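Letters go in sequence order (proteins before strands), and every chain restarts at 1. None of the values given here were measured: they were computed from a predicted structure.
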Amino acid sequence: MSEPRELPFYLTNTLTRRKEEFVPAEPPHVGLYVCGPTVYSDVHLGNVRTFTTFDLLYRWLTHIGYKVRYVRNITDVGHLVDDVDEGEDKIAKRARLEKLEPMEVVQKYTNGFHDVMRLFNILPPNIEPTATGHLIEQMAMVQRIIDSGFGYVVNGSVYFDVPGFAKDHAYGELSGRRIDELLANTRDTEGMEEKRSPLDFALWKRAEPIHLMKWPSPWGEGFPGWHLECSVMSTKYLGRTFDIHGGGMDLKFPHHECEIAQSIAADGHAPVRYWMHGNMLTVNGRKMAKSEGNGFTPEELITGNHKLLDTGYGPMTVRFFMLQCHYASTLDFSNEALQASERGLERLMAAMDKLEDLKAGARDDVDIAALEQRCYDAMNDDLNSPVMIAEVFEGVRIINSVNDGKLVLSTAGIDQLRRLMRAMVHDVLGLKAERDTSDSDKVMDGLVQEFIRMRAEAKARRDFAVGDAIRDRLAGLGILLKDTKEGTTWERA
RNA sequence: GGUCACGUGGCCGAGUGGCUAGGCAGAGGUCUGCAAAACCUCGUACAGCGGUUCGACUCCGCUCGUGACCUCCA
């Protein structure tokens, strides 16, 4: 059998809507850019899903041997509070409400975002650029677009000429939109009088005196347009044509469509080779979104302190829950599903523990290489984590059976299973035990082991009353004892 | 209104033109002093109506239902 990492990796390119073999422009290097959060409020669980999806991609690419440069931005300026171009900057508005400096708001929610990423075991990117840190580059790109004839200046603002661009270039290719249909469905928004066409979008916006975040530019005081930062920062760090650009489905239009247009206008060619979009997390069938008011923060999730939550859920339970669904499908949140994932994860983690001290036999009853191959096949098929997890549970069954003496694996077989399970569960899925093994846990384990010995002695003299009393009282403290052939183990309730 | 998805057993969710997804829950069994865990077995699902086909849950059409995007949104 060939080495798994030499097998082709197929990815659905949302630009072509087809599964394509992924081949980086300059192997073994891969450039990956993902649209990060806007740091003016807490991230909610839907955001976490997207970042988990791309964490899985990053982990998989790394696992199969690619050297990935992963760039994920922080949007700390530029998005408006509503669909009115004259509206306040979201961050500026939030700052006034909270009487904070804009950059203080940015820092607060950036810190919070990082805490959440750590909580869900989402690996940090290699570069995490901020929009405010790349104003010079953004102005330079605006100028290149003006020079190319697709940007025009009105009253200190610069707009992108979409109909002009669309005459000779594909606009709407990514999102499957046609320019005439877009024009027919345009909403009548304010601030339109400056634009030549309602489809045009801002590259640079003039700042009103009320604005707190603004910078001098060749066109006057202002701030960069909504879509510019990603174009600038992705190409700055990954090159003017890079491998993978990811983000949530809801960014496809107009955000990513505009990015494509900007890059073509400024640099003469499309910026991205493979586009990848993660689907939405829904609640009762509806997209979780700030505007829907159906979102909850990771903190509410863990404490269970929210009307939609029956109880609190651990971050690893949630991560596992998300990975049991393919990234391109919508995933509906429900308490029932979360509880099912919680139980499943417990069983998986219990098996991972047992795996550490399986006893080897003289033969191999199971073909671990075949299991491994199925895991790699699943992941190489458009990151099919649900199928890979199904195979991992086949591994769980094998572990338990070997542990029960119902199946036999050789030393080599056990080693192979160990490597496979650790790679899939820890490295690729990024799952770990909900509770860390800390020093205090070691003390706890020592104490419980003492009680287990006392109970074993009681049982040896068939004093089941004392034995059961020990077990029941420990159970009352949340310590569950389990008798096995090899002896008694314990876990927390 | 336009565009695009989706509708799978009690729940969540894969997948496929003919052959077991998997998890959780449920039933029976093995093991056990009891319990828990573990293991084995089980339900014979694919919105509805037509069509293509030797054969469709899987392909095509229509109907119904749900959702996403079209505006900031992961």
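Between the C1' atom of B/C4 and the CD atom of A/E181 lies a distance of 11 Å, rounded to the nearest Å. Rounded to a whole Å, the CG atom of A/L331 is 13 Å from the C1' atom of B/C11. A/L474 places its CG atom 18 Å from the P atom of B/A36, with the value rounded to the nearest Å. One atom, CE of A/M316, and another, P of B/G23, lie 21 Å apart when rounded to the nearest Å. Following rounding to the nearest Å, A/M349 (CE) and B/A38 (P) show an atom-to-atom distance of 15 Å. Note: CG (A/L281) to C1' (B/A68) measures 14 Å, nearest angstrom. Distance, A/K195 NZ to B/U71 P: 10 Å, rounded to whole Å. Rounded to an integer number of Å, the gap from A/I399 CD1 to B/A37 P is 18 Å.
In terms of polar N and O atoms assigned as donor or acceptor, the side chain of A/D472 never comes within less than 3.5 Å of the base of B/C34 in a complementary pairing. Contact annotation: side chain of A/D468 to base of B/G33, donor-acceptor pair present below 3.5 Å. In this model, a side-chain donor or acceptor of A/K287 finds a partner on the base of B/C73 within 3.5 Å. Between the base of B/A35 and the side chain of A/R471 there is a donor-acceptor pair shorter than 3.5 Å.
B/A38 is paired with B/U30 under the criterion used here, namely a Watson-Crick or G-U wobble arrangement in which both key atom distances are under 3.5 Å. Across all strands shown, the partner of B/C59 is B/G51, judged by Watson-Crick or G-U wobble contacts whose two distances both fall under 3.5 Å. Across all strands shown, B/A14 forms no Watson-Crick or G-U wobble pair with both distances under 3.5 Å. Base pairing analysis places B/C72 opposite nothing; no Watson-Crick or G-U wobble pair with both distances below 3.5 Å involves it. Pair check for B/C6 finds B/G65; Watson-Crick or G-U wobble, both atom distances under 3.5 Å.
Taking atom P in both B/G10 and B/C62, the straight-line distance is 30 Å, to the nearest Å. Here the separation of B/G67 from B/G61, taken at their C1' atoms, is 23 Å to the nearest Å. For the C1' atom pair drawn from B/C42 and B/G2, the interatomic distance equals 49 Å after rounding to whole Å. Straight-line distance between the P atoms of B/A56 and B/G22: roughly 25 Å, to the nearest whole Å. Using C1' as the reference atom, B/C24 and B/G65 are 27 Å apart when rounded to the nearest Å. Look at the C1' atom in both B/A36 and B/C46: the space between them is 36 Å, to the nearest Å. Rounded to whole Å, the P atom of B/U20 lies 25 Å from the corresponding atom of B/C54. Here the separation of B/C6 from B/G55, taken at their C1' atoms, is 26 Å to the nearest Å.
Using a 4.0 Å cut-off between charged side-chain N and carboxylate O, A/D377 and A/R374 make no salt bridge. A salt bridge is absent between A/D365 and A/K406; no separation between the charged side-chain nitrogens and carboxylate oxygens falls under 4.0 Å. A salt bridge links A/D55 with A/R59; the closest basic N to acidic carboxylate O contact falls under 4.0 Å.
Of the candidates B/A74, B/C12, B/C72, B/A74 carries the atom nearest the A/H44 side chain, counting heavy atoms from C-beta on. The nucleotide whose nearest atom lies closest to any side-chain atom of A/D483 is, among B/A74, B/A35, B/G13, B/A35. For A/N384, whose side chain is taken as the heavy atoms from C-beta onward, the closest listed nucleotide among B/A25, B/U71, B/G15 is B/G15. With B/C39, B/G13, B/A74 as the candidates, the nucleotide lying closest to the side chain of A/C325 is B/G13. Residue A/K459 has its side chain nearest to B/G33 when only B/G33, B/G67, B/A38 are considered. The nucleotide whose nearest atom lies closest to any side-chain atom of A/F253 is, among B/C12, B/C69, B/A14, B/C69. For A/D404, the side-chain atoms get nearest to B/C39 when compared with the rest of B/C39, B/G13, B/U71. The side chain of A/F321 lies closest to B/C12 when the candidates are B/C39, B/C12, B/A21. Considering only the side chain of A/R455, B/C34 comes nearest among B/G23, B/C34, B/A74. The side chain of A/R343 approaches B/A25 more closely than any other nucleotide in the set B/C39, B/A25, B/G22.
Not less than 6.0 angstrom separates the ring centroid of A/F54 from the ring centroid of A/W60. Note: A/W275 and A/H256 meet the aromatic proximity criterion, with ring centroids under 6.0 Å apart.
Applying the 4.0 Å criterion to OP1 and OP2 of B/A38, one finds that A/N400 has every side-chain N and O outside that range. At the phosphate of B/A14, OP1 or OP2 sits under 4.0 Å from a side-chain N or O atom of A/S329. OP1 and OP2 of B/A37 both lie 4.0 Å or more from every side-chain N or O belonging to A/K354. Within the 4.0 Å cut-off from OP1 or OP2 of B/C40, at least one side-chain nitrogen or oxygen of A/R397 is found. Between A/R347 and B/C39 there is a side-chain polar atom (N or O) within less than 4.0 angstrom of OP1 or OP2. Not one side-chain nitrogen or oxygen of A/R177 sits closer than 4.0 Å to the OP1 or OP2 atom of B/G2.
Ring geometry, A/Y171 versus A/F165: the interplanar angle exceeds 60°, so the pair is classed perpendicular (tilted spans 30 to 60°).
A cation-pi arrangement is absent between A/K108 and A/Y40 under the rule of less than 6.0 angstrom and at most 45 degrees off the ring axis.
At the heavy-atom level, A/A390 lies under 4.0 Å from base atoms of the strands shown. Contact annotation for A/F393: backbone-only contact, meaning every heavy-atom pair under 4.0 Å involves sugar-phosphate atoms and none involves a base. Nucleic acid contact class of A/M249 (heavy atoms, under 4.0 Å, all strands): none. Contact annotation for A/H326: backbone-only contact, meaning every heavy-atom pair under 4.0 Å involves sugar-phosphate atoms and none involves a base. At a threshold of 4.0 angstrom between heavy atoms, the contacts of A/G278 with the nucleic acid are absent. Using a 4.0 Å heavy-atom distance criterion, A/L345 is classed as making no nucleic acid contact. Using a 4.0 Å heavy-atom criterion, one finds that A/K290 contacts the sugar-phosphate atoms exclusively.
Remark on RNA chain B: of its neighbouring residues A/L481 and A/G247, the 5'-side contact belongs to A/L481, judged by nearest-heavy-atom nucleotide. When each of A/V396 and A/Q324 is assigned the nucleotide of RNA chain B with its nearest heavy atom, A/Q324 is the one assigned upstream, toward the 5' end.
Judged by distance alone, the side chains of A/Y274 and A/E20 never bring a donor and an acceptor atom under 3.5 Å apart. Between the side chains of A/N126 and A/Y237, no donor-acceptor pair of N or O atoms lies under 3.5 Å.
Other residues, nucleotides and ligands contribute more than 12 heavy atoms inside 6.0 Å of the CZ atom of A/F393.
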